[in-house]
Amino acid sequence: MADIEAQDLIETVGADFFEDPQVYYRRWRERGPVLQVQFSQSMPVWVVIGYAEGRAALADPRLHKSVAGMMEVVRRKDPRAEEGSESLTLSGHMLNSDPPEHTRLRKMVNKAFTTRRVAALRPRIEEITAGLLDQMAEQDEVDLLAAFATPLPVTVICELLGVPFEDRAEFQHWTKVLVGVGGDVAERRRCTAEMSQYLAELVRTKRSDPGDDLLSGLTHAREDGDQLSDEELIAMAFLLLIAGHETTVNLIASGTYALLRNESQFRALREDPAGVRAAVEEFLRFGSPVEWSTVRYTTEPVLIGDTEIPAEEFVYVALAAANHDPARYHDPDNLDLTGDPSGHLSFGHGIHFCVGAPLARVEAEIAFTALLQRFPNLALAPQTEPLQWHPSLLIRGLVTLPVRLRG
């Protein structure tokens with residue numbers, strides 16, 4: 001009887017979650033800031049949706065990230081579970097590690113994303129932006145994702161890491177499959193193997209023929225006599241390549257979508273370009289391009305809010321839910337470019353705060369400023385069907401965004 005009651009407390013999540021997760025979050029808040037949910041046939045997980053509880057959880061050292069420990073919990077929960085070596089290779093990056101290993105890995109890459117380093121990239125980002133807008137201007141209607149929101153950050157991260165831009169279609173396909181929910185298991189394994197092989201070859205190239213790029217620098221960098229192994233470089237390249245473009249792609253697209261659905265906010269920002277930097281923070285809060293944090297796990301009972309999560313459980317923080325918590329933000333489900341989005345959790349919190357946040361902010365600021373200046377009458381193109389969202393818990397992103405450039 002107790003098992004039936006416990007199972008009844010687990011929220012079963014349907015495919016409609018991806019259409020509008022906030023519908024679920026509003027209902028979940030009636031049960032409190034921490035609850036258990038289950039997607040399809042996957043095992044139940046704990047989700048933190050409250051702002052205060054989520055912020056605390058993101059910085060709680062009792063919620064572990066080590067990929068080796070995580071896989072051990074998976075095996076104990078399901079002895080039949082298997083994980084390919086390629087998947088473990090891609091997962092062994094700093095976002096899936098605890099101190100002191102996390103401290104060591106993060107120190108190797110921190111210098112590339114300082115405010116000063118990112119500021120030096122501004123002229124090149126502006127140049128790429130202008131070129132993309134020039135190409136768009138030749139048409140009356142475009143898919144903003146394909147024409148602008150995607151190629152801008154992809155070009156920047158390819159140049160920064162030293163990844164051939166002509167390979168973008170392949171790694172973007174791999175990314176969509178690997179960050180999605182469900183899908184064909186064989187396809188996920190194939191994409192994992194192909195991306196692992198691609199990055200391994202890229203690392204070998206950087207070892208033998210380094211260039212003036214971040215991945216080459218990481219390949220040969222030494223910190224206190226320490227150097228990254230090939231396996232660590234492959235995992236780091238995977239993390240930086242995916243996180244370095246996916247977040248910004250969806251920040252630009254989702255921010256534009258929200259803006260075009262709110263005419264008064266659009267007009268106000270168009271007439272006051274100086275407000276773009278603050279607007280980007282509201283786009284981050286309102287649209288949360290990263291829907292949920294990456295997974296954590298417990299090794300002992302952990303109290304979050306008034307809820308005790310047992311040992312050997314998986315825990316997520318729903319960043320998008322925390323960013324819409326009415327206990328933290330006034331009228332959170334409405335876009336307000338004059339509001340106060342400070343403290344949003346879109347880049348995380350604590351030691352795993354997104355290392356690329358300065359770059360994402362600069363790219364978005366440049367993108368929105370130039371887009372509104374070049375196309376002041378930008379508007380959503382008429383649609384016969386609702387726009388589709390990718391079925392991913394990690395990334396909140398539109399599949400397409402058709403717009404008219406001249407209203």
Side-chain angles (χ1 to χ4, degrees), residues 65-72 74 82-113 153-154 156-180 185-247 294-295 352 354-356 359 394-395:
K65 300 275 285 174
S66 163
V67 68
M70 195 179 309
M71 291 311 304
E72 186 59 33
V74 170
E82 296 182 2
E83 190 71 21
S85 59
E86 297 91 349
S87 181
L88 289 175
T89 298
L90 293 181
S91 300
H93 49 68
M94 62 185 180
L95 197 56
N96 287 337
S97 62
D98 296 315
E101 189 65 8
H102 170 268
T103 308
R104 168 183 168 263
L105 293 173
R106 178 131 183 169
K107 185 165 62 173
M108 302 291 273
V109 76
N110 262 346
K111 294 177 182 178
F113 292 98
V154 168
V156 172
I157 200 63
C158 281
E159 291 187 1
L160 184 62
L161 287 178
V163 176
F165 183 70
E166 56 269 22
D167 296 340
R168 66 192 181 282
E170 282 186 299
F171 69 70
Q172 283 182 274
H173 169 69
W174 296 328
T175 297
K176 290 294 185 291
V177 172
L178 296 178
V179 304
V185 174
E187 172 73 354
R188 292 179 68 86
R189 288 177 175 169
R190 184 183 66 79
C191 288
T192 298
E194 289 178 356
M195 193 162 196
S196 298
Q197 293 164 9
Y198 174 83
L199 293 174
E201 180 58 35
L202 190 62
V203 166
R204 282 193 290 270
T205 299
K206 301 300 181 184
R207 286 259 192 237
S208 61
D209 186 21
D212 185 21
D213 57 76
L214 175 57
L215 190 53
S216 291
L218 288 172
T219 301
H220 297 273
R222 290 184 179 275
E223 282 283 339
D224 302 323
D226 185 24
Q227 189 173 23
L228 295 176
S229 68
D230 282 0
E231 291 76 15
E232 290 169 334
L233 283 164
I234 291 168
M236 185 74 80
F238 172 73
L239 174 64
L240 295 177
L241 186 58
I242 289 182
H245 81 272
E246 275 290 344
T247 300
T294 49
V295 67
H352 293 287
C354 178
V355 70
L359 178 59
L394 180 61
I395 297 297

Look up atom CG in Leu241 and atom CD in Gln172, then write down how far apart they are to the nearest 0.5 Å. 9.0 Å
Would you list the atom pairs, donor with acceptor, under 3.5 Å between side chains in residues 159-166 and any protein atom, with sequence neighbours excluded?
unit_1	atom_1	unit_2	atom_2	d
Glu159	OE1	Arg124	NE	2.9
Glu159	OE2	Arg124	NE	3.3
Glu159	OE2	Arg124	NH2	2.5

Output all residues satisfying salt bridge (Lys or Arg N to Asp or Glu O under 4.0 Å) with Glu170, sequence neighbours left out; order by chain, then residue number. none
What is the distance from atom CG of Asn96 to atom OG1 of Thr294, rounded to the nearest 0.5 Å? 6.0 Å
So Leu90 and Trp174, do their side chains get closer than 4.5 Å, heavy atoms only? no
Note, His245 side chain near Thr175 side chain (heavy atom, < 4.5 Å): yes
Taking atom NE2 of His220 and atom CG of Leu215, what is their separation to the nearest 0.5 Å? 9.5 Å
Please find the pair of heavy atoms, one from Val67 and one from Ser91, that lie closest to each other, and give the distance. CG2-CB, 3.7 Å
Sequence-distant partners of Thr205, side-chain contact (heavy atoms from CB on, under 4.5 Å), two or more places apart: Glu201
Hey, what do you get for OG1 (Thr219) to CD (Glu232), rounding to the nearest 0.5 Å? 12.0 Å
Which atom of Ser196 lies closest to which atom of Thr192, heavy atoms considered: OG-O, 2.8 Å
Decide yes or no for Leu199 and Phe171: does some side-chain heavy atom of the first lie under 4.5 Å from some side-chain heavy atom of the second? no
For Leu228 against Met236, the heavy-atom pair lying closest together: CD1-CE, 4.5 Å
Check: His93 side chain, Leu105 main-chain N or O, donor-acceptor pair, under 3.5 Å: no
Test Arg207 against Asp230 for side chain to side chain contact (heavy atoms under 4.5 Å, CB included), laying out the working first. CA-CA 9 Å; Arg207 286 259 192 237; Asp230 282 0; 2.8 Å; yes
If you round to the nearest 0.5 Å, how far is CE of Met94 from CE of Met108? 11.5 Å
Go through the steps to decide whether His102 and Lys65 satisfy the test side chain to side chain contact (heavy atoms under 4.5 Å, CB included), and finish with yes or no. CA-CA 9 Å; His102 170 268; Lys65 300 275 285 174; over 6 Å; no
For side chain to side chain contact (heavy atoms under 4.5 Å, CB included), just list the numbers for Lys206 and Asp213, CA-CA rounded to whole Å, side-chain angles, deciding distance to a tenth of an Å, and then say yes or no. CA-CA 9 Å; Lys206 301 300 181 184; Asp213 57 76; 3.1 Å; yes
Over all heavy atoms of both residues, which pair between Ser216 and Gly211 is shortest? Give the atoms and the distance, please. OG-N, 2.9 Å
Please step through side chain to side chain contact (heavy atoms under 4.5 Å, CB included) for the pair Glu194 and His173, ending with a clear verdict. CA-CA 11 Å; Glu194 289 178 356; His173 169 69; 5.8 Å; no
When rounded to the nearest 0.5 angstrom, what is the spacing between OG in Ser229 and CD1 in Ile234? 8.0 Å
